[in-house]
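Values reported hereafter were calculated over all heavy atoms of this structure, with side chains retained and with hydrogens, waters and symmetry mates removed. Each chain gets a letter, A, B and so on, in the order the sequences are listed, and its residues count up from 1.
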2 protein chains.
Amino acid sequence: MTTMRAAERREQERREYNAYLSECPGHQLLATLSDKWVTLVLNALADGPRRFSELSRTIPGASQKMLSQTVRKLERDGLISRTVTPSVPVRVDYELTALGESLLPVQRAIKTWAEAHIEEVHKARTEYDDRAC
Amino acid sequence: MTTMRAAERREQERREYNAYLSECPGHQLLATLSDKWVTLVLNALADGPRRFSELSRTIPGASQKMLSQTVRKLERDGLISRTVTPSVPVRVDYELTALGESLLPVQRAIKTWAEAHIEEVHKARTEYDDRAC
DNA sequence: CCGAATCCATTCGGATACTG
DNA sequence: CAGTATCCGAATGGATTCGG
């Protein structure tokens, strides 16, 4: 049963490691930042508050399901605020919080690197693909 | 059939938008950076070259399938280099390229923000959850 | 030792329809 | 207008097995 126990131990290690990762601040942030729609919503709100339908039009690629989920997640994390005006029909505005705004420079850093180096990446890719085929 | 055509147009818009996004450098970078294993491999290689099996031990959470996929992707993007030593058994070393190293400051920026603000995020979450229940 | 290929469970995301 | 609930296909990722 030695092999069996070895397998169990590896699985155990994997679990512990994943648990550790899920507590790591850096990965928690990446988990949210990496979400395709999060980035877009954050950018859409960078210029000022937006209503739900405005967001929907600004980001045509997002289904309204994804949009709902995204804004809820961001609100939960304190990155955006949600304001309901109980008129008829209802009006809901989303706005970046101070915490959310502090995230914009990080996004810009990513964007800056991307624009500066994407050419190299593309070049590397075509070279890699050419070699393969 | 007006509603039908409207639905088609929305779908068309969605397609175009997603196509546009997939060309956006920022999102291409995020797509790779956001990958859980990419971050870990990049960090594991930050200190110097590592063999495949060393990476595997450094990152117990990764199955060897994920590890393979990740290093291949990173090699294709020109972020790491792969060196095969045809001894018996074979020895394969991975190492950050200059391009890969230039990405480390970006990762650090993310990490820095995360460590500085994760507390606020956690606080926001518990408050949000308390309000809900 | 390194890695590709297969199988399978879980998750994600879109379309649709319905509530306040 | 602003969501929520459900169904279902597609993609993800782990375990296992085989090959170089």
First of A:Gln64 and B:Phe52 reached from the 5' end of DNA chain C, by closest nucleotide
B:Phe52
In whole Å, what is the span from the [atom1] atom of [X] to the [atom2] atom of [N]?
| X | N | atom1 | atom2 | result |
| --- | --- | --- | --- | --- |
| A:Gln69 | C:dA15 | CD | P | 14 Å |
| A:Lys73 | D:dT4 | NZ | C1' | 18 Å |
| A:Asp35 | D:dA11 | CG | P | 18 Å |
| A:Ile59 | C:dG13 | CD1 | C1' | 16 Å |
| B:Met66 | C:dT11 | CE | C1' | 14 Å |
| A:Ile80 | D:dA2 | CD1 | P | 13 Å |
| B:Leu67 | D:dT16 | CG | P | 18 Å |

With no hydrogens and no angle check, just 3.5 Å: does a side-chain donor-acceptor pair link B:Glu119 and B:His122?
no
Strictly below 4.0 Å: does [X] bring a side-chain N or O up to OP1 or OP2 of [N]?
| X | N | answer |
| --- | --- | --- |
| A:Arg72 | D:dG3 | no |
| A:Arg91 | D:dA2 | no |
| B:Arg82 | C:dG3 | yes |
| B:Ser68 | C:dC2 | no |

Could you please name the option among D:dC1, C:dG13, D:dA2 that lies closest to any side-chain atom of A:Lys65?
C:dG13
Select one nucleotide: of C:dA17, C:dC2, D:dC1, the one nearest the side-chain heavy atoms of A:Arg51.
D:dC1
For residues A:Leu33 and A:Leu99: do they belong to one hydrophobic cluster (side chain heavy atoms under 4.5 Å, members Ile, Leu, Val, Met, Phe, Trp, Tyr)?
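Yes, because A:Leu33 and A:Leu99 connect within a single hydrophobic cluster, where side-chain heavy atoms sit under 4.5 Å apart.
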Salt-bridge present (A:Asp129, B:Arg76; N to O < 4.0 Å):
yes
